[in-house]
Amino acid sequence: MAKAITQRKDNYSQWYLDIVKRAGLADHSKVKGCMVIKPTGFAIWENMRDELDRMFKETGHVNAYFPLFIPKSFLSREAQHVEGFAKECAVITHHRLMNDPDGNGVVVDPDAKLEEELIVRPTSETIIWDTYKDWINSYRDLPLLINQWANVVRWEMRTRLFLRTTEFLWQEGHTAHATREEAMEEALQMQRVYAEFAEEYMAMPVVKGIKTANERFAGADETFTIEALMQDGKALQAGTSHFLGQNFAKAFDVKFLNKENQQEYVWATSWGVSTRLLGGLIMTHSDDDGLVIPPKLAPTQVVIVPIPKPGPEIGEAADKVMKALRGRGIRVKFDDDEKNRPGFKFAEHEMKGIPVRIGIGKRDLEKGQVEIARRDTKEKTFVPIDEAAAYIENLVAEIQNNLFERAKQFRDDNITKVDNFDDFKEAVSGSGNSEIESWGGGFVSAHWDGTTETELKIKELTKATIRCIPLDNEKEEGQCVLTGKPSGQRVLFAKAY
RNA sequence: CGGGGCGUAGCGCAGUCCGGUUAGCGCACCUGCUUUGGGAGCAGGGGGCCGCAGGUUCGAAUCCUGCCGCCCCGACCA
């Protein structure tokens, strides 16, 4: 009881940190801005990765791997791209150490300076398009649909576990197409894949939308995004898919011979999601008792806690239930660790977000039942032991569904339509109906005149940015919330991670 | 990179202002016994270069200088 974590309403970011640490997901490493992803956190990432990988392959993609290092000159080939990433690159200048002449360990050997510095990839467009140049000659080589699972480095000023770390894990898809239409459809398809993954597996509702020019990926003609709303009313960009036009094809001179025997530049996309999704997962579902993981991604879906009394009956009953659950494809663990008492285990498994707990004690067995507790609502119920597996198979599906519906309700409740700037400021800065002290304001749906100038002015005045122009937006005449100029549709603003 | 806070046992902290026995507490850990249906109790025990490096002093966790790291809030960003 004395081990409660920080409450969301008191200090939301400390609550988040407490969960990451106490649920054993990750630690700060000794390297500034980097994290150690611990086995539990990595197991969730593996589940996410496996599902995404399956979805990528079902849509025709294959995996490959490109180098960690990028020659400095490659990065500067595409003007917008280098401008976007130059400020956050780790640079390799030397390739050897030597003993310190003064006897203090090792120092960089000044004679081992690289002729051309290498950049640790912040993203791989440049090295990949330099390679695609050699792979693509004819329309018959297209489309090229490649994904890679990798780590990347972006030297950010301020980091937060999972949400923004100097090094992070992700996947980056890089595709090449013969036509503009096909590349555009690929970018949109992958946005749909991300949205489906977020909603079906993470139970995290997202808005599919288009980024404004200001928020666009460096080097893209169009960026598609999925945006989620966290419990503190701040938006999280959860995944992006870019239509790159012919920008990289031109920068790296990637042409193909079409059916009419003419040279054409290739059309491109790139798309990625990262370990940031874990931050989104945590902040979408977890509560003041700890982590909540949707069953489809939970490394352990069901934990059985024995209430110890002398005799083998409890272990036998647990075995029986475990076999039945495994027969239904459910991941179950028996916590027979004698070191801890049941009460401790209950609290611990709740902290770690295991969706379902089964308690089995002598009293239960006398009645031929087990106790089943669900993490999402904390409800407990008793079920005949022979029906437990079937009950739980339904229950995990229901929990998955409930988590999504709950998050969707929250999200929908926190989209505020405003039509003047005073209401806009109130929506973004006010505490609304939330108890959370650092409440971000949720999504604000408002008219915008379409200019970057207005977007930046609003950001300066309120710290809210345009998260996206929703894809399924209704056309609606109105006036820009700041300038009063005519606008044909609303866009979604929010303070963002 | 600016502002604020913090580095003392695995974790969380007290002690630092005002220098002085052997640096203390809770949790965790080890041993034993009793326990076990919501974070067990008792007894005994182990564990510290007080962030690092200099300096002042008879004497430094405590004072001074420099450095490093982390957290929070900004600016930047996935």
Side-chain angles (χ1 to χ4, degrees), chain A residues 1-6 11-14 16-18 20-22 24 27-35 84-89 104 122-123 152-172 194 211 214-218 223 225-228 235-242 270-280 289-290 305-310 314 336-351 357-367 369-371 373 378 380 382 437-438 459-460 463 465 467 495-497:
Chain A
M1 287 301 169
K3 297 183 180 174
I5 62 176
T6 305
N11 187 340
Y12 188 85
S13 51
Q14 189 59 47
Y16 174 78
L17 275 170
D18 284 356
V20 172
K21 282 192 177 171
R22 295 281 301 284
D27 278 337
H28 289 283
S29 83
K30 293 292 166 62
V31 183
K32 182 181 172 64
C34 293
M35 63 179 166
F85 286 104
K87 283 177 289 182
E88 51 193 43
C89 287
N104 298 317
T123 180
V152 287
V153 166
R154 294 182 189 175
W155 214 268
E156 303 285 357
M157 284 303 169
R158 190 168 160 215
T159 58
R160 298 189 71 187
L161 291 173
F162 292 119
L163 297 170
R164 183 176 302 106
T165 46
T166 300
E167 179 192 14
F168 56 95
L169 306 183
W170 78 343
Q171 58 68 217
E172 46 181 326
Y194 287 156
K211 286 294 191 184
N214 180 245
E215 296 275 334
R216 203 136 65 198
F217 175 75
T223 289
T225 181
I226 57 170
E227 299 282 327
L236 182 79
Q237 177 176 307
T240 48
S241 179
H242 315 292
S270 68
W271 28 274
V273 295
S274 72
T275 36
R276 170 176 250 207
L277 286 178
L278 267 161
D289 294 315
V305 176
I307 313 300
K309 278 278 190 307
I314 288 170
D336 59 349
D337 184 351
E338 289 175 19
K339 192 176 66 172
N340 294 313
R341 294 153 56 94
F344 178 87
K345 291 177 182 177
F346 293 168
E348 196 66 12
H349 296 313
E350 277 163 14
M351 171 69 68
R357 183 188 71 236
I358 305 177
I360 307 180
K362 194 165 170 247
R363 295 209 302 260
D364 297 314
L365 293 183
E366 282 164 6
K367 297 181 196 162
Q369 65 183 22
V370 294
E371 183 195 62
K378 305 303 231 18
K380 289 188 246 187
F382 293 94
E437 203 174 345
S438 56
K459 181 182 180 184
E460 184 191 325
K463 298 199 166 74
T465 52
R467 300 324 303 150
K495 290 180 186 164
Y497 276 98

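Proteins come first, then strands; the chains are lettered A, B, ... in the order of their sequence lines, and each starts at number 1.
- For the P atoms, the distance linking C11(B) with U57(B) amounts to 36 Å, nearest Å.
- Contact annotation for F217(A): no contact, since no heavy-atom pair falls under 4.0 Å across all strands.
- One interatomic measurement links the two molecules: NE2 of H28(A) to P of C70(B), which rounds to 8 Å at whole-angstrom precision.
- Judged by distance alone, with hydrogens and angles left aside, K378(A) brings no side-chain donor or acceptor close enough to the base of G38(B) to form a pair under 3.5 Å.
- Residues C89(A) and P122(A) share a closest heavy-atom pair of SG-CG, 4.1 Å.
- Using a 4.0 Å heavy-atom distance criterion, K362(A) is classed as a base contact.
- C73(B) and U31(B): their P atoms are spaced 42 Å apart (whole Å).
- The backbone N or O of F217(A) sits less than 3.5 Å from a side-chain atom of T223(A), completing a donor-acceptor pair.
- Between A40(B) and C13(B), the distance separating the two C1' atoms is 24 Å to the nearest Å.
- Between the C1' atom of G10(B) and the CZ atom of R22(A) lies a distance of 14 Å, rounded to the nearest Å.
- Nucleic acid contact class of K463(A) (heavy atoms, under 4.0 Å, all strands): sugar-phosphate only.
- Residue M157(A) places its side chain closer to C1(B) than to any other of A78(B), G37(B), C1(B).
- Heavy atoms of D364(A) sit under 4.0 angstrom from at least one base atom.
- Residue T166(A) is classed as having no contact, given no heavy-atom separation below 4.0 Å to the nucleic acid.
- Nucleotides U21(B) and A28(B) are separated by 30 Å at their C1' atoms, to the nearest Å.
- Following rounding to the nearest Å, F344(A) (CZ) and C29(B) (C1') show an atom-to-atom distance of 13 Å.
- H242(A) places its NE2 atom 8 Å from the P atom of A78(B), with the value rounded to the nearest Å.
- Look at K345(A) and you won't find any side-chain N or O under 4.0 angstrom from OP1 or OP2 of G39(B).
- The separation of G55(B) from A60(B), taken at their P atoms, amounts to 12 Å, rounded to a whole angstrom.
- Base pairing annotation: C76(B) forms no Watson-Crick or G-U wobble pair, as no partner gives both donor-acceptor distances under 3.5 Å.
- Taking each heavy atom of I307(A) and G361(A) in turn, the nearest pair found is CB-CA, 3.7 Å.
- Rounded to a whole angstrom, the distance from the C1' atom of G20(B) to that of G15(B) is 14 Å.
- With a cut-off of 3.5 Å on both Watson-Crick or G-U wobble distances, the partner of U62(B) is given as none.
- Searching all strands for a Watson-Crick or G-U wobble partner of G47(B) with both distances below 3.5 Å returns nothing.
- The base of G38(B) lies outside donor-acceptor range of the side chain of E348(A), with no N or O pair under 3.5 Å.
- E338(A) places its CD atom 13 Å from the P atom of G32(B), with the value rounded to the nearest Å.
- Interface remark: the R341(A) side chain does not form any donor-acceptor pair with the G41(B) base, using a distance-only criterion of under 3.5 Å.
- If you take CG on D364(A) and CD on E371(A), they are separated by 6.5 Å, rounding to the nearest 0.5 Å.
- Within the nucleic acid shown, E350(A) comes within 4.0 Å of at least one base atom, counting heavy atoms only.
- Both F382(A) and K339(A) lie close to RNA chain B; mapped to their nearest nucleotides by heavy-atom distance, the more 5′-ward contact belongs to K339(A).
- Rounded to an integer number of Å, the gap from E156(A) CD to C1(B) P is 15 Å.
- Of the listed nucleotides (G37(B), G69(B), A78(B)), G69(B) has the atom at the smallest distance from the side chain of K32(A).
- Counting non-hydrogen atoms under 4.0 angstrom, G33(A) reaches the backbone sugars and phosphates but no base.
- A78(B) and G3(B) have their C1' atoms separated by 26 Å, given to the nearest Å.
- Annotation: of the two residues near RNA chain B, G359(A) and K459(A), the 5′-most nearest-nucleotide partner is G359(A).
- At least one side-chain nitrogen or oxygen of S13(A) sits closer than 4.0 Å to the OP1 or OP2 atom of C73(B).
- When both pairing distances are held under 3.5 Å, C33(B) makes a Watson-Crick or G-U pair with G41(B).
- When both distances must be under 3.5 Å, the Watson-Crick or G-U wobble mate of G69(B) is C6(B).
- Between E227(A) and K211(A) there is a salt bridge, since a side-chain N of the basic residue sits under 4.0 Å from a carboxylate O of the acidic one.
- Heavy atoms of Q237(A) sit under 4.0 angstrom from primed sugar atoms or phosphate atoms, though from no base atom.
- Annotation: cation-pi pair R357(A)/F346(A) present, NZ/CZ under 6.0 Å from the ring centroid and within 45° of its normal.
- Base pairing annotation: C11(B) forms a Watson-Crick or G-U wobble pair with G26(B), both donor-acceptor distances under 3.5 Å.
- Which of U36(B), G38(B), G39(B) sits closest to the side chain of K380(A) comes down to G38(B).
- Annotation: G7(B) and G12(B) have their C1' atoms spaced 13 Å apart (nearest Å).
- For the pair F346(A) CZ and A40(B) C1', the computed distance is 14 Å after rounding to whole Å.
- With contacts defined as side-chain heavy-atom distances shorter than 4.5 Å, the pair Q171(A)/W271(A) qualifies.
- Between R467(A) and Q237(A), some side-chain heavy-atom pair lies under the 4.5 Å cut-off.
- A heavy-atom distance below 4.5 Å is not found between the side chains of K21(A) and I5(A).
- Closest to the side chain of R158(A), out of G74(B), U36(B), G38(B), is G74(B).
- Whole-Å rounding puts the E167(A) CD to A78(B) P distance at 18 Å.
- Residue contacts for L17(A): at a heavy-atom cut-off of 4.0 Å it reaches the sugar-phosphate backbone alone, with no base atom in range.
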